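Here is the structure we will look at, set down as structure tokens.
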Amino acid sequence: MSIRPILIHPDPRLKKLCPPVAEITPEIGRLAEDMLETMYDAPGVGLAAPQVGVLARLFVMDCVKEEGESPRPMVLINPEIITTSEDTNTYEEGCLSIPEHYGEVTRPRRVTMRWLGLDGKTHEQEFDGLWATCAQHELDHLNGKLFIDHLGAIKRSMITRKMVKLKRERARG
Ligand code: K2U
Ligand code: ZN
């Protein structure tokens with residue numbers, strides 16, 4: 001297992017539409033394992049493959065936040081939303097690819113998703129609360145969409161300008 005570097009916005013790879021995973025290979029298994037380790041290390045509650053530079057429809061999440069509750073790592077391959085609730089929820093979202101910036105995003109409160117598991121089986125589950133927000137945030141990543149794309153143009157460009165400055169400073173070392 002290894003911790004992989006997380007791409008920082010703006011990066012063209014974060015704006016790409018990711019292709020489906022064609023086959024669950026040992027390499028996909030290693031990628032999922034590394035993504036979970038990278039997510040927990042960040043720390044975060046979700047992470048999508050394009051965020052570690054792999055353009056594939058796969059994300060991981062574990063939104064268990066209660067102390068003492070066992071972690072619940074999930075690997076979702078070729079995930080699809082099959083139903084969404086009418087009612088919505090607004091959450092102050094962040095992103096591991098856009099560090100230290102946040103914005104309010106309104107999304108359906110509950111989503112039912114279908115995906116392929118590492119076990120090769122098709123899974124279906126309804127998510128609510130932080131799990132629903134995270135799953136939709138990660139699915140956005142697989143479609144080249146960031147949470148800032150749900151914000152107004154002025155705030156989006158302000159955040160992007162700050163990220164360009166941060167990357168320039170990091171490049172200087
Ligand atoms: O995709 C990512 O960048 C991981 C995000 C996922 C996420 C964003 C907003 C709301 C829910 C999930 C990171 O986990 S951001 C860090 C974080 C940590 C705890 C709760 C919410 C967000
Ligand atoms: Zn994100």
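Just so we're clear, the structure is a prediction, and the values are computed from it rather than from any experiment. Each ligand, and each atom within it, is numbered from 1 in the order the structure gives. All residue numbers in this chain count up from 1 along the given sequence.
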Between the side chains of D62 and R72, is the shortest nitrogen-to-carboxylate-oxygen separation below 4.0 Å, so that they form an ion pair? no
For atom 11 (C) of ligand 1, what is the closest protein heavy atom, and at what distance to 0.1 Å? L130 CD1, 3.6 Å
Counting N and O atoms only, with roles assigned by atom type, does the side chain of R156 sit under 3.5 Å from a partner on the main chain of L151, one being a donor and the other an acceptor? yes
Going by the 4.0 angstrom heavy-atom rule, the piece of M39 near ligand 1 is neither
Give the atoms of ligand 1, by number and element, whose distance to some non-hydrogen atom of C95 is under 4.0 Å. 3 (O)
Looking only at N, O or S atoms, which one in H137 sits nearest to the Zn ion (ligand 2)? NE2
Anything under 30° is parallel, anything over 60° is perpendicular, the rest tilted; go ahead and classify H137 against H141. perpendicular
Kindly check if the number of other-residue, nucleotide or ligand heavy atoms within 6.0 Å of CD (E169) is above 12? yes
Could you list the atoms of ligand 1 found under 4.0 angstrom from a heavy atom of G44? 14 (O)
If you measure from each non-hydrogen atom of F147 to ligand 1, which part falls under 4.0 Å: side chain, backbone, both or neither? neither
N/O donor to acceptor pairs below 3.5 angstrom from side-chain atoms of residues 14-34, sequence neighbours left out:
| from | atom 1 | to | atom 2 | distance (Å) |
| --- | --- | --- | --- | --- |
| K15 | NZ | G144 | O | 3.3 |
| K15 | NZ | D149 | OD2 | 2.8 |
| T25 | OG1 | E27 | N | 3.4 |
| T25 | OG1 | I28 | N | 3.2 |
| D34 | OD1 | S2 | N | 2.8 |
| D34 | OD2 | S2 | OG | 3.3 |
| D34 | OD2 | R4 | NE | 2.9 |
| D34 | OD2 | R4 | NH2 | 2.9 |

When only distance counts, is E138 in polar contact with ligand 1, meaning an N/O pair under 3.5 Å? yes
Closest non-hydrogen protein atom to atom 3 (O) of ligand 1, residue and atom name please, with distance? L96 N, 2.8 Å
Closest approach of any protein heavy atom to atom 4 (C) of ligand 1, naming residue and atom: G46 O, 2.9 Å
Locate the shortest heavy-atom distance separating P10 from M163; write the atom from each residue and the value. CD-CB, 4.1 Å
Could you check whether any heavy atom of G94 sits closer than 4.0 Å to an atom of ligand 1, since that is the contact criterion I want to use? yes
Decide if atom CD1 of I154 counts as having more than 12 heavy atoms of other residues, nucleotides or ligands within a radius under 6.0 Å. no
Any idea which protein heavy atom is nearest atom 21 (C) of ligand 1, and the distance to it? Y91 OH, 3.7 Å
Minimum-distance protein heavy atom relative to atom 22 (C) of ligand 1: V45 CG2, 4.3 Å
Any N or O on Q51 sitting closer than 3.5 Å to an N or O of ligand 1? yes
Are M35 and L96 connected into the same hydrophobic cluster when the rule is that any two of I, L, V, M, F, W, Y join if their side-chain heavy atoms are below 4.5 Å apart? yes
Worked check of side chain to side chain contact (heavy atoms under 4.5 Å, CB included) between L116 and K121: CA-CA 6 Å; L116 190 60; K121 292 181 183 149; over 6 Å; no
If you measure every N or O of L47 against every N or O of ligand 1, does any of those distances drop under 3.5 Å? no
Output yes when the distance from some N or O of ligand 1 to some N or O of E93 is under 3.5 Å, and no in every other case. no
Contacts of E124 that satisfy salt bridge (charged side-chain N to carboxylate O under 4.0 Å, His left out) - sequence neighbours left out: R114
